[in-house]
Amino acid sequence: MLAKDAEQPGGRAPAPGRLAVVQGFVNSIDIEADELDEFATVRSMARWFQSVGLAQTGLHESDRAVAIGLREAIRDMVDVRDHPTHPVAHEFAAVVDDLELKVVVLGGIPTIVGTTPIGRALAPIVDAVRLSMDDGTWSRLKVCARDRCRWLFYDHSKNHASRWCASSVCGSREKSRRAYRRRKSIAAPHQPQ
């Protein structure tokens with residue numbers, strides 16, 4: 001199972017293994033251009049699931065809301081990962097609870113599976129999150145620090161210090177915005193107090 005062959009900003013390499021599907025799932029919406037949402041309809045969502053090799057039959061409008069809820073819960077969980085008491089973890093758990101998942105042993109390996117159409121579609125994503133937390137790759141998933149972007153990217157850097165999905169795009173825009181604000185505040189006449 002591979003993530004869609006979507007290009008990563010700045011030519012970044014996608015996340016490794018199963019985590020690439022999680023990355024593709026979260027990035028199924030381009031927040032900056034919100035009309036580009038792979039889950040805009042049940043049909044487009046089913047096409048996305050099919051393109052990455054996930055179950056896609058029997059889905060309904062209510063399932064689309066569940067998938068979007070999981071997508072944003074994962075993005076938020078990555079974003080606040082360094083704050084273990086943040087309520088986002090509870091939101092993620094609540095969405096997962098609604099999926100009616102169970103653990104079965106397949107080939108001697110505990111695996112999360114779904115019992116409903118949306119559960120079957122999303123179980124491999126939840127399982128990939130669990131496995132990446134176990135193997136340490138989860139900590140390299142990051143959300144772009146630019147609020148208008150929030151693209152999920154995999155930090156392949158040695159020091160794990162990347163902040164932007166692409167320094168040449170979001171990093172450059174954010175630095176330009178900050179420089180503009182500084183110039184504007186310096187140029188503004190000081191108001192007497």
Separation of [Y] [atom2] from [X] [atom1] (nearest 0.5 Å):
X	Y	atom1	atom2	answer
I29	I68	CD1	CD1	7.5 Å
D155	C165	CG	SG	12.0 Å
D97	H90	CG	NE2	12.0 Å
L99	I112	CG	CD1	10.0 Å
D63	T116	CG	OG1	6.5 Å
I31	W151	CD1	CH2	9.5 Å

For [X] and [Y], work out which heavy atoms get closest and say how close.
X	Y	answer
V21	W48	O-CH2, 4.1 Å
V103	P110	CG1-CB, 3.9 Å
L141	V78	O-CG1, 3.3 Å
A123	G114	CB-N, 3.6 Å
A161	S157	N-OG, 3.4 Å
W164	A145	CZ3-CB, 3.6 Å

I118 and L59: side-chain contact (heavy atoms from CB on, under 4.5 Å), yes or no, with the steps?
CA-CA 6 Å; I118 193 62; L59 299 173; 4.0 Å; yes
Side chains of [X] and [Y], heavy atoms from C-beta outward: is any pair under 4.5 Å?
X	Y	result
V22	R18	no
Y154	P16	yes
L101	V126	yes

Within the 3.5 Å criterion, strictly below it, is a donor on R140 or H156 matched to an acceptor on the partner's side chain?
no
Less than 3.5 Å apart, any donor N or O on the side chain of R71 or S28 sitting next to an acceptor on the other?
yes
Tell me, with the steps shown, if L70 and F92 meet side-chain contact (heavy atoms from CB on, under 4.5 Å).
CA-CA 7 Å; L70 181 63; F92 174 77; 3.6 Å; yes
Under a 3.5 Å distance rule, please check whether [X] uses its side chain to pair with a backbone N or O of [Y] as donor and acceptor.
X	Y	value
K142	S162	yes
Q23	A15	yes
T111	I109	yes
R120	A55	no
S132	T137	no
N27	L152	yes

Assess the residue pair I125 and L54 against the criterion (side-chain contact (heavy atoms from CB on, under 4.5 Å)); give the C-alpha distance rounded to whole Å, side-chain angles, the decisive distance to 0.1 Å, and a yes or no.
CA-CA 9 Å; I125 292 169; L54 298 176; 3.9 Å; yes
Start with the C-alpha gap between R64 and D37, add the side-chain angles, then the distance that decides, and say whether salt bridge (charged side-chain N to carboxylate O under 4.0 Å, His left out) holds.
CA-CA 12 Å; R64 190 175 75 83; D37 185 353; 5.3 Å; no
Quick one: do V96 and V113 end up in the same hydrophobic cluster if we chain Ile, Leu, Val, Met, Phe, Trp and Tyr together by side-chain heavy atoms under 4.5 Å apart?
no
Do V66 and V88 belong to the same hydrophobic cluster, where Ile, Leu, Val, Met, Phe, Trp and Tyr are linked whenever their side-chain heavy atoms lie under 4.5 Å apart, directly or via other members?
yes
Worked check of side-chain contact (heavy atoms from CB on, under 4.5 Å) between D127 and V129:
CA-CA 5 Å; D127 204 28; V129 168; over 6 Å; no
Run the salt bridge (charged side-chain N to carboxylate O under 4.0 Å, His left out) check on D76 and R150 step by step: do they pass?
CA-CA 10 Å; D76 291 343; R150 295 191 35 87; 3.0 Å; yes
Parallel, tilted or perpendicular: which one describes the rings of F49 and F25, with boundaries at 30° and 60°?
parallel
Is there a salt bridge (charged side-chain N to carboxylate O under 4.0 Å, His left out) between R47 and E38? Walk through the geometry before answering.
CA-CA 8 Å; R47 274 195 306 267; E38 300 274 1; over 6 Å; no
